[in-house]
J.: 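Let me begin by handing over the structure; questions about it come next.
All residue numbers refer to positions in the sequence shown, counting from 1.
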Amino acid sequence: MLKLVFFLIFLCPLCFMNNMYWMVQILLFFISFVFLLMNNFMNYWSEISYFLGLDMLSYGLILLSLWICSLMLLASESVNKYNNYKNLFLLNVILLLLLLILTFSSMNLFMFYLFFESSLIPTLFLILGWGYQPERLQAGIYLLFYTLLVSLPMLIGIFYLMNYMGTMNFYLMNNYMFNFDLLYFCMLCAFLVKMPMFLVHLWLPKAHVEAPVSGSMILAGIMLKLGGYGLLRILSILQSMNLKYNFIWISISLVGGVLVSFICLRQTDLKSLIAYSSVAHMGIALAGLLVMSYWGLSGSYTLMIGHGLCSSGLFCLANISYERLGSRSLLINKGLLNFMPAMALWWFLLSSSNMAAPVSLNLLGEISLLNSIVSWSWVSMIMLSLLSFFSAAYSLYLYAFSQHGKIFSGVYSFSNGKIREYLLLLLHWLPLNLLIIKSDSCMLWL
């Protein structure tokens with residue numbers, strides 16, 4: 001693991017050299033492939049150095065982080081083109097990636113907490129520094145306060161655990177089981193806000209709408225997965241408490257998923273629609289995770305990886321339209337089938353993956369989540385059927401509204417995509433639909 005960390009640290013000075021934008025991007029792709037070949041699909045910890053290590057759970061998420069961060073630089077070409085503080089931008093992305101990798105590969109709960117919270121700072125800088133509207137200040141403050149407010153109780157909970165067990169290591173903590181209600185709420189709430197669970201999700205659409213494309217990609221792709229990853233790690237010591245309280249979170253998530261799907265159906269902002277759909281997807285992943293069945297845990301993990309690629313790709317598409325038309329409104333972004341004919345295929349592929357069409361990774365995740373949630377309670381069928389239906393409804397709404405209709409008269413008659421953009425979308429879509437062939441690494445990691 002240390003070679004990965006050192007690689008990124010030594011990439012930092014490269015950010016400040018002239019005309020090194022694409023070099024950094026290529027090197028990030030390079031390290032992604034190096035990491036891809038580091039897999040050994042073991043169920044125990046490997047690649048251990050200091051407090052860092054890999055197991056199957058962190059392997060997939062680190063790979064996703066490397067991949068999304070490489071694609072962020074590919075998507076943010078306008079930062080390079082208009083020289084919009086591109087050196088600082090590169091440095092910011094590299095530091096964010098470094099913190100994310102340290103978060104996912106920490107074997108120590110306190111170190112995990114430390115990097116989990118630190119990853120907030122570069123994200124905040126991305127939104128404040130490269131966002132589009134003046135409201136980005138408010139969005140940044142929302143992001144900061146929602147996350148920090150609930151993470152202090154978690155820190156106190158961690159200190160209590162350390163005092164009680166004398167260790168913070170994930171693989172030694174599994175021997176303990178705690179039965180304290182307050183501890184359970186302290187440990188869980190930080191992750192529920194990060195997921196984000198319905199009712200504490202308000203920071204997410206704000207942050208997404210104000211963030212630049214790279215900020216949206218990293219938020220949708222990785223930041224939402226931090227919560228799920230933390231829950232997967234921490235639930236093993238809180239099982240008895242979780243069996244007592246999980247009905248609360250699951251009910252909120254399922255009802256919230258349906259309500260958020262309704263909200264999606266009346267959005268006119270492309271980014272806002274995709275952001276709310278993330279809340280719905282993460283809601284169902286959270287519900288399956290808290291059921292704590294084998295199917296639920298592996299299904300939520302699969303959906304997290306699938307959603308990371310799919311949502312990120314949709315944000316790229318929204319940004320491609322935004323760069324051409326100067327607006328994200330669906331009232332102006334219509335008739336894109338006439339305007340950018342070749343992009344319509346990518347809109348279709350990514351929208352269909354978003355509603356879990358075969359053969360995307362989302363389908364595998366959603367099938368196992370449906371199984372696990374229905375096996376937990378038969379009544380949840382009602383909400384799940386509504387959620388699946390409206391998920392398809394807003395994906396179709398997004399596709400049909402943006403592609404069909406009469407083109408807005410204020411724009412040019414025709415515009416084509418750049419090769420860079422097609423490559424960007426291909427690199428989102430290909431892993432999303434090829435990983436289902438290697439689905440055993442997602443489903444058999446426990």
Side-chain angles (χ1 to χ4, degrees), residues 41-46 48 51-62 103-116 150-151 153-195 197 225-250 253 282 285-305 368-369 372-373 375-376 441-446:
F41 295 119
M42 300 290 187
N43 286 342
Y44 44 81
W45 293 89
S46 58
I48 295 177
F51 59 92
L52 302 174
L54 274 185
D55 64 347
M56 265 323 294
L57 183 52
S58 48
Y59 177 78
L61 287 164
I62 293 178
T103 310
F104 287 130
S105 59
S106 288
M107 294 191 296
N108 182 314
L109 180 59
F110 179 71
M111 287 296 181
F112 166 73
Y113 171 83
L114 193 69
F115 295 124
F116 174 80
V150 286
S151 59
M154 187 192 164
L155 183 64
I156 298 164
I158 289 174
F159 288 156
Y160 175 81
L161 289 178
M162 176 66 199
N163 195 28
Y164 187 92
M165 295 186 292
T167 178
M168 285 274 93
N169 277 9
F170 287 132
Y171 48 86
L172 294 175
M173 280 163 52
N174 291 345
N175 307 330
Y176 292 88
M177 189 79 70
F178 288 93
N179 228 341
F180 310 119
D181 298 32
L182 191 60
L183 179 71
Y184 173 75
F185 283 106
C186 282
M187 296 306 284
L188 229 69
C189 284
F191 298 130
L192 293 180
V193 169
K194 203 70 167 172
M195 272 297 275
M197 186 180 72
K225 316 300 174 275
L226 282 170
Y229 172 79
L231 284 173
L232 285 166
R233 284 273 185 246
I234 210 78
L235 277 184
S236 58
I237 61 166
L238 298 166
Q239 283 171 29
S240 50
M241 279 283 91
N242 195 45
L243 290 171
K244 182 172 159 189
Y245 284 119
N246 66 355
F247 75 95
I248 305 175
W249 315 125
I250 296 175
S253 295
M282 285 292 109
L286 178 66
L289 202 158
L290 290 173
V291 169
M292 288 198 306
S293 64
Y294 184 90
W295 277 68
L297 292 174
S298 16
S300 67
Y301 178 64
T302 313
L303 189 72
M304 284 198 300
I305 291 186
S368 36
L369 285 167
S372 68
I373 298 171
S375 70
W376 171 74
S441 58
C442 289
M443 297 301 284
L444 303 176
W445 49 266
L446 276 176

J.: Taking all heavy atoms of F112 and all of L226, pick out the closest pair and write down the distance.
T.: CZ-O, 4.5 Å

J.: Using 30° and 60° as the class limits, which term best fits the ring planes of W45 and F170: parallel, tilted or perpendicular?
T.: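 Because their plane-to-plane angle is under 30°, the rings of W45 and F170 count as parallel.
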
J.: Heavy atoms, side chains only, cut-off 4.5 Å: are M177 and M241 in contact?
T.: no

J.: Any side-chain heavy atom of L290 sitting closer than 4.5 Å to one from F247?
T.: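 SC-SC contact between L290 and F247 ruled out.
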
J.: Might you point out which heavy atoms bring L297 and L289 nearest each other, and give the distance in Å?
T.: CD2-O, 3.7 Å

J.: Do M187 and L161 come within less than 4.5 Å of each other through their side chains, counting heavy atoms only?
T.: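 Yes, side chains in contact.
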
J.: Starting from the C-alpha separation in whole Å, work towards a yes-or-no answer on ring pair (Phe, Tyr, Trp, His ring centres under 6.0 Å) for Y171 and Y44.
T.: CA-CA 9 Å; Y171 48 86; Y44 44 81; over 10 Å; no

J.: Any heavy-atom pair between the side chains of L369 and V291 that's under 4.5 Å?
T.: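 No - every pair of side-chain heavy atoms lies 4.5 Å or more apart.
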
J.: Evaluate M154 against C189 for side chain to side chain contact (heavy atoms under 4.5 Å, CB included), listing each step before the verdict.
T.: CA-CA 8 Å; M154 187 192 164; C189 284; over 6 Å; no

J.: The test is side chain to side chain contact (heavy atoms under 4.5 Å, CB included); show your working for S300 and L286 and say whether it passes.
T.: CA-CA 7 Å; S300 67; L286 178 66; over 6 Å; no

J.: My understanding is that only residues two or more places apart in sequence, or in another chain, count here; which of them pass side chain to side chain donor-acceptor pair (under 3.5 Å) with N108?
T.: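 Applying side chain to side chain donor-acceptor pair (under 3.5 Å) to N108 gives none.
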
J.: Grab the two heavy atoms, one from S372 and one from S293, that are nearest each other, plus how far apart they are.
T.: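 Heavy atoms only, the tightest pair is CB-OG, 3.2 Å.
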
J.: Between atom SG of C442 and atom CG of L57, what is the distance when rounded to the nearest 0.5 Å?
T.: 11.0 Å

J.: Side chains of M111 and L52: does their closest heavy-atom pair fall under 4.5 Å?
T.: no

J.: Under the side chain to side chain contact (heavy atoms under 4.5 Å, CB included) criterion, do L192 and V150 qualify, and how do the steps go?
T.: CA-CA 9 Å; L192 293 180; V150 286; over 6 Å; no

J.: So how far is it from I234 CD1 to L188 CG, rounded to the nearest 0.5 Å?
T.: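 It is 9.0 Å, given to the nearest 0.5 Å.
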
J.: About how many Å separate CD1 of I373 and OG of S375, when rounded to the nearest 0.5 Å?
T.: 9.0 Å

J.: Going by the side-chain contact (heavy atoms from CB on, under 4.5 Å) test, name the single residue among R233, M162, M173 that passes it with L109.
T.: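 Result: among R233, M162, M173, M173 is the only option passing the side-chain contact (heavy atoms from CB on, under 4.5 Å) with L109.
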
J.: Quick check: closest heavy atoms across S253 and M197, and the distance to 0.1 Å?
T.: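 For S253 and M197, the tightest heavy-atom pair comes out as OG-CG, 3.9 Å.
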
J.: Kindly say whether the aromatic ring centers of Y113 and F159 come within a distance under 6.0 Å.
T.: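 Between Y113 and F159, the centre distance exceeds or equals 6.0 Å.
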
J.: May I ask you to decide if W249's main-chain N or O and N246's side chain share a donor-acceptor pair within less than 3.5 Å?
T.: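 Not confirmed, N246 side chain does not pair with W249 backbone.
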
J.: Would you compute the distance between atom CG of N174 and atom CD of Q239 and round it to the nearest 0.5 angstrom?
T.: 8.5 Å

J.: List the atom of K225, the atom of M304, and the distance in Å for their closest heavy-atom pair.
T.: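 Shortest heavy-atom separation between K225 and M304 comes out as CE-O, 2.8 Å.
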
J.: Once rounded to the nearest 0.5 Å, what's the spacing between atom CD1 of I158 and atom OG of S151?
T.: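 Nearest 0.5 Å value for the CD1-OG distance: 9.5 Å.
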
J.: What heavy-atom pair brings S240 and N179 nearest, and what distance separates the two atoms?
T.: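 Where S240 meets N179 most closely, the heavy atoms are OG-OD1, 3.5 Å.
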
J.: More than 12 non-hydrogen atoms from neighbouring residues, nucleotides or ligands closer than 6.0 Å to OH on Y164, yes or no?
T.: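 No.
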
J.: Once rounded to the nearest 0.5 Å, what's the spacing between atom SG of C186 and atom CG of D181?
T.: 11.0 Å

J.: Looking at F178, F191, Y245, which one forms a ring pair (Phe, Tyr, Trp, His ring centres under 6.0 Å) with F185?
T.: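 Running ring pair (Phe, Tyr, Trp, His ring centres under 6.0 Å) over F178, F191, Y245 with F185 returns exactly one hit, Y245.
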
J.: Centre-to-centre under 6.0 Å for F116 and Y229, is that the case here?
T.: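 Not close enough - the centres of the two rings lie 6.0 Å or further apart.
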
J.: Any donor and acceptor pair, going by atom type alone, linking the side chain of T302 with main-chain N or O of S298 inside 3.5 Å?
T.: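 Yes; at least one donor-acceptor contact below 3.5 Å.
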
